[in-house]
Amino acid sequence: MVGKVLVVEDNELNLKLFSDLLRVHGFAVEPVRDGREAVSRARVFEPDLVITDIQLPFLSGTDLIRALRADAKLKPVPVMAVTAYAGREDEERVRAAGANAYVTKPISLARFIDEVRALM
């Protein structure tokens, strides 16, 4: 096993794509569909990386990143934001919340895995 990745994505197709791609590359994956559950699941799963969409219902990805950074146990875990937002201001806002990487959709599968490996 290369590492453990928590994937937070409300779109079922994207969640399956990211999870399957990570599993093929040897990662253990914990899929989460709702940002409200992500922090508690992360505390139990103890991921080496969190990948989160920014447009989530109920709790935005930036709010989730802030919550992860506010948790002493999860603060050191790198976070990769995956989003349809492509503007420079969007990236700055997401990075200011604490994201270590920013990948725009539609994703390049090779770039996605390269970013994951770089953060591990």
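Contact annotation: the side chain of Leu56 never approaches that of Asp63 to less than 4.5 Å [non-hydrogen atoms, C-beta and beyond]. Val50 has its side chain within reach of Leu68: a pair of non-hydrogen atoms, C-beta onward, lies under 4.5 Å apart. Side-chain contact between Phe18 and Val29 is absent, with no heavy-atom pair separated by less than 4.5 Å.
Here the straight-line distance linking atom CG of Asp90 with atom OG1 of Thr104 works out to 10.5 Å at 0.5 Å rounding. Put simply, CG on Leu49 and CZ on Phe27 are 8.0 Å apart, with the number rounded to the nearest 0.5 Å. Taking CG from Leu109 and CG from Leu17, the interatomic distance works out to 6.0 Å, rounded to the nearest 0.5 Å.
Scanning for side-chain contact (heavy atoms from CB on, under 4.5 Å) contacts around Glu92 gives Arg88, with sequence neighbours left out. Legend: residues meeting salt bridge (Lys or Arg N to Asp or Glu O under 4.0 Å) with Asp10, ordered by chain and number and at least two apart, are absent. Listed by chain and number, the residues in a side-chain contact (heavy atoms from CB on, under 4.5 Å) with Ile113 are Leu21, Leu22, His25, Arg117 (sequence neighbours excluded). Listed by chain and number, the residues in a side-chain contact (heavy atoms from CB on, under 4.5 Å) with Thr62 are Ile54, Ser60, Arg66, Arg93, Val94, Ala97 (sequence neighbours excluded). Shown here are the side-chain contact (heavy atoms from CB on, under 4.5 Å) partners of Asp20, two or more places apart in sequence or in another chain: Lys16, Arg23. Applying the ring-ring contact (aromatic ring centres under 6.0 Å, His included) criterion to Phe45, with sequence neighbours excluded, gives no partner residue. Taking Arg69 as the reference, nothing meets the salt bridge (Lys or Arg N to Asp or Glu O under 4.0 Å) condition, with sequence neighbours excluded. Applying the side chain to side chain donor-acceptor pair (under 3.5 Å) rule to Asn11 yields no partners; only residues at least two apart in sequence or on another chain are considered. With sequence neighbours left out, the side chain to side chain donor-acceptor pair (under 3.5 Å) criterion links Asp114 to no other residue. For the salt bridge (Lys or Arg N to Asp or Glu O under 4.0 Å) test, residues two or more places apart in sequence or in another chain that qualify with Glu12 are Arg33. Every residue was checked against the salt bridge (Lys or Arg N to Asp or Glu O under 4.0 Å) condition with Asp48, not counting sequence neighbours, and none meets it.
Closest approach of Ala42 and Pro47 over heavy atoms only: O-CD, 3.2 Å. Minimum interatomic distance between Gln55 and Ala84 (heavy atoms only, all atoms of both residues): OE1-CB, 4.2 Å. Of all non-hydrogen atoms in Lys105 and Glu9, the two that sit nearest each other are NZ-OE1, 3.1 Å. Taking every heavy atom of both residues into account, Pro31 and Leu15 meet most closely at CB-CD1, 3.7 Å. When every heavy atom of Arg95 is checked against every heavy atom of Asn100, the shortest pair comes out as NH1-O, 3.0 Å. The shortest non-hydrogen separation linking Gly35 to Leu59 is O-CD2, 3.2 Å.
Under the side chain to side chain contact (heavy atoms under 4.5 Å, CB included) rule, Ile51 has a single partner from Val116, Val8, Leu6, which is Val116.
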- Message: With side-chain contact (heavy atoms from CB on, under 4.5 Å) as the criterion, how do Val39 and Asp71 come out once you've worked through the C-alpha distance, each side chain's angles and the decisive distance to 0.1 Å?
- Response: CA-CA 8 Å; Val39 172; Asp71 186 291; 4.2 Å; yes

- Task: Evaluate the side-chain contact (heavy atoms from CB on, under 4.5 Å) criterion for residues Leu64 and Val79: first the C-alpha distance (whole Å), next the side-chain angles of each, then the deciding distance (0.1 Å), finally the verdict.
- Result: CA-CA 10 Å; Leu64 171 58; Val79 176; over 6 Å; no

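The backbone N or O of Pro57 lies less than 3.5 Å from no partner atom in the side chain of Arg36, so there is not a single donor-acceptor pair.
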